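Below is one structure, written out as structure tokens; the observations come after it.
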Amino acid sequence: MHLRSLELSGFKSFANSTTLTFPSRITAIVGPNGSGKSNIAEAIRWVLGEQSMKALRGKKGEDLIWNGSPASRAGRPSIPRMGKASVTLRFDNTEGNIALDFEEVAIARKIFRDGINEYFLNDSQVRLRDIVELIARLGLGETKHNIIGQGEVDWMLLASPLERRDILEEALGLRVYQLKKNETERTLNATEDNLRQAEALLR
Ligand code: ATP
């Protein structure tokens with residue numbers, strides 16, 4: 001499975017729409033401290049459904065949206081803060097590795113200043129759950145993805161056995177089964193409630 005491009009607009013330090021393409025097998029992003037390299041990794045995490053603001057180095061959703069910049073003395077004009085941020089990740093699906101009938105699969109996420117998030121799959125609005133399930137399914141077999149952030153190697157080495165189990169299960173693509181199990185447990189609980197109510201009515 002091949003990642004074609006990443007489009008950022010209004011996300012963190014990317015005020016202007018920016019498209020990064022990944023034509024080769026290895027891509028390195030190089031830049032001085034604070035130039036936004038980690039913001040790119042976070043954009044990928046975010047569009048794939050990340051819900052933890054801590055993992056995105058923010059406190060609230062608004063922190064992900066371009067916050068405006070004053071005009072610089074060198075003559076660069078000010079860029080006003082933006083009302084929304086969006087990120088789109090495009091995968092080449094000509095080989096059909098993703099079980100969707102499209103040659104290109106685009107996963108997108110938007111956030112507005114009031115904290116509302118929207119998720120899209122090839123321009124159709126979907127639920128977060130659909131994105132999470134799709135990603136979890138992609139996690140199976142050889143196509144798993146891993147994002148190892150700064151300091152995470154330390155964290156993995158120092159993790160408790162329970163945390164380490166989470167890391168391994170995620171890498172093995174078992175999350176989709178965990179999600180299904182949780183969902184089924186919820187349905188079973190609801191059915192039990194219904195049964196109890198029906199019995200009470202019968203009595
Ligand atoms: P380092 O190498 O030091 O880790 P980096 O190249 O990875 O740095 P990032 O940490 O990704 O850089 O980028 C941080 C920059 O992003 C900071 O300059 C910060 O001001 C800017 N930034 C973060 N959020 C916003 C936002 N909402 N609006 C504008 N700029 C932002």
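Just follow the structure's listing: the first ligand is 1, and inside any ligand the first atom is 1. Bear in mind the structure is a predicted one, so any value in this text is a computation, not a measurement.
Note: the hydrophobic cluster containing Leu6 also contains Leu48 (ILVMFWY, side chain heavy atoms under 4.5 Å, direct or indirect links). Both Ile135 and Leu121 belong to a common hydrophobic cluster when Ile, Leu, Val, Met, Phe, Trp and Tyr are linked at side-chain heavy-atom distances under 4.5 angstrom.
Under a 3.5 Å cut-off, the side chain of Asn67 and the backbone N or O of Arg81 do not form any donor-acceptor pair. In terms of modelled atom types and a separation under 3.5 Å, the side chain of Ser52 and the main chain of Lys54 share a donor-acceptor contact. A donor-acceptor pair under 3.5 Å is absent between the side-chain atoms of Arg4 and the main chain of Pro23, judged by distance alone. In this structure, Asp92 contributes its side chain and Glu104 its backbone to no donor-acceptor pair below 3.5 Å.
Heavy atoms of Glu42 found under 4.0 angstrom from ligand 1: none, in either backbone or side chain. Residue-level proximity to ligand 1 for Pro32 is carried by the backbone, the only part with a heavy atom below 4.0 angstrom.
A side chain to side chain contact (heavy atoms under 4.5 Å, CB included) with Glu42 holds for exactly one of Lys37, Glu50, Arg57; it is Arg57.
Side-chain contact between Glu118 and Ile111: absent, with no pair of heavy atoms (C-beta onward) separated by less than 4.5 Å. With a 4.5 Å cut-off on side-chain heavy atoms, Phe91 and Asn97 do not count as touching.
The nearest heavy-atom contact from the protein to atom 12 (O) of ligand 1 is Gly36 N, 3.0 Å. Protein heavy atom in closest approach to atom 1 (P) of ligand 1: Gly34 N, 3.6 Å. Remark: minimum distance from atom 4 (O) of ligand 1 to any protein heavy atom is reached at Gln150 NE2, 3.5 Å. For atom 28 (N) of ligand 1, the closest heavy atom belonging to the protein is Asn67 N, 2.9 Å. Protein heavy atom in closest approach to atom 10 (O) of ligand 1: Arg57 NH1, 2.9 Å. For atom 11 (O) of ligand 1, the closest heavy atom belonging to the protein is Asn39 N, 2.7 Å.
Taking distance alone, with nitrogen or oxygen atoms compared against 3.5 Å, Gly68 stays at or beyond that limit from ligand 1. The shortest N/O to N/O separation between Ile65 and ligand 1 falls below 3.5 Å. The shortest N or O to N or O distance between Glu62 and ligand 1 is not under 3.5 Å.
Salt bridge present: Glu7 and Arg90 bring a charged side-chain N and a carboxylate O closer than 4.0 Å.
For ligand 1 and Ser35, the ligand atoms under 4.0 Å from any heavy atom of the residue are 5 (P), 6 (O), 12 (O). Applying the 4.0 Å criterion to heavy atoms of Asn33 picks out, from ligand 1, the atoms 2 (O), 3 (O), 8 (O). Of all atoms in ligand 1, listed by their number and element, those nearer than 4.0 Å to a heavy atom of Trp66 are 28 (N), 29 (C).
A 6.0 Å sphere centred on CG of Asp114 holds more than 12 heavy atoms belonging to other residues, nucleotides or ligands.
Compare Ala41, Ser13, Gly58 by their heavy atoms: the one nearest to atom 22 (N) of ligand 1 is in Ser13. Checking Lys37, Lys12, Arg81 against atom 5 (P) of ligand 1, the nearest heavy atom belongs to Lys37.
For Gly31, the closest heavy-atom approach to ligand 1 does not fall below 4.0 Å.
Closer than 4.0 Å to atom 20 (O) of ligand 1 lies none of the heavy atoms of the protein.
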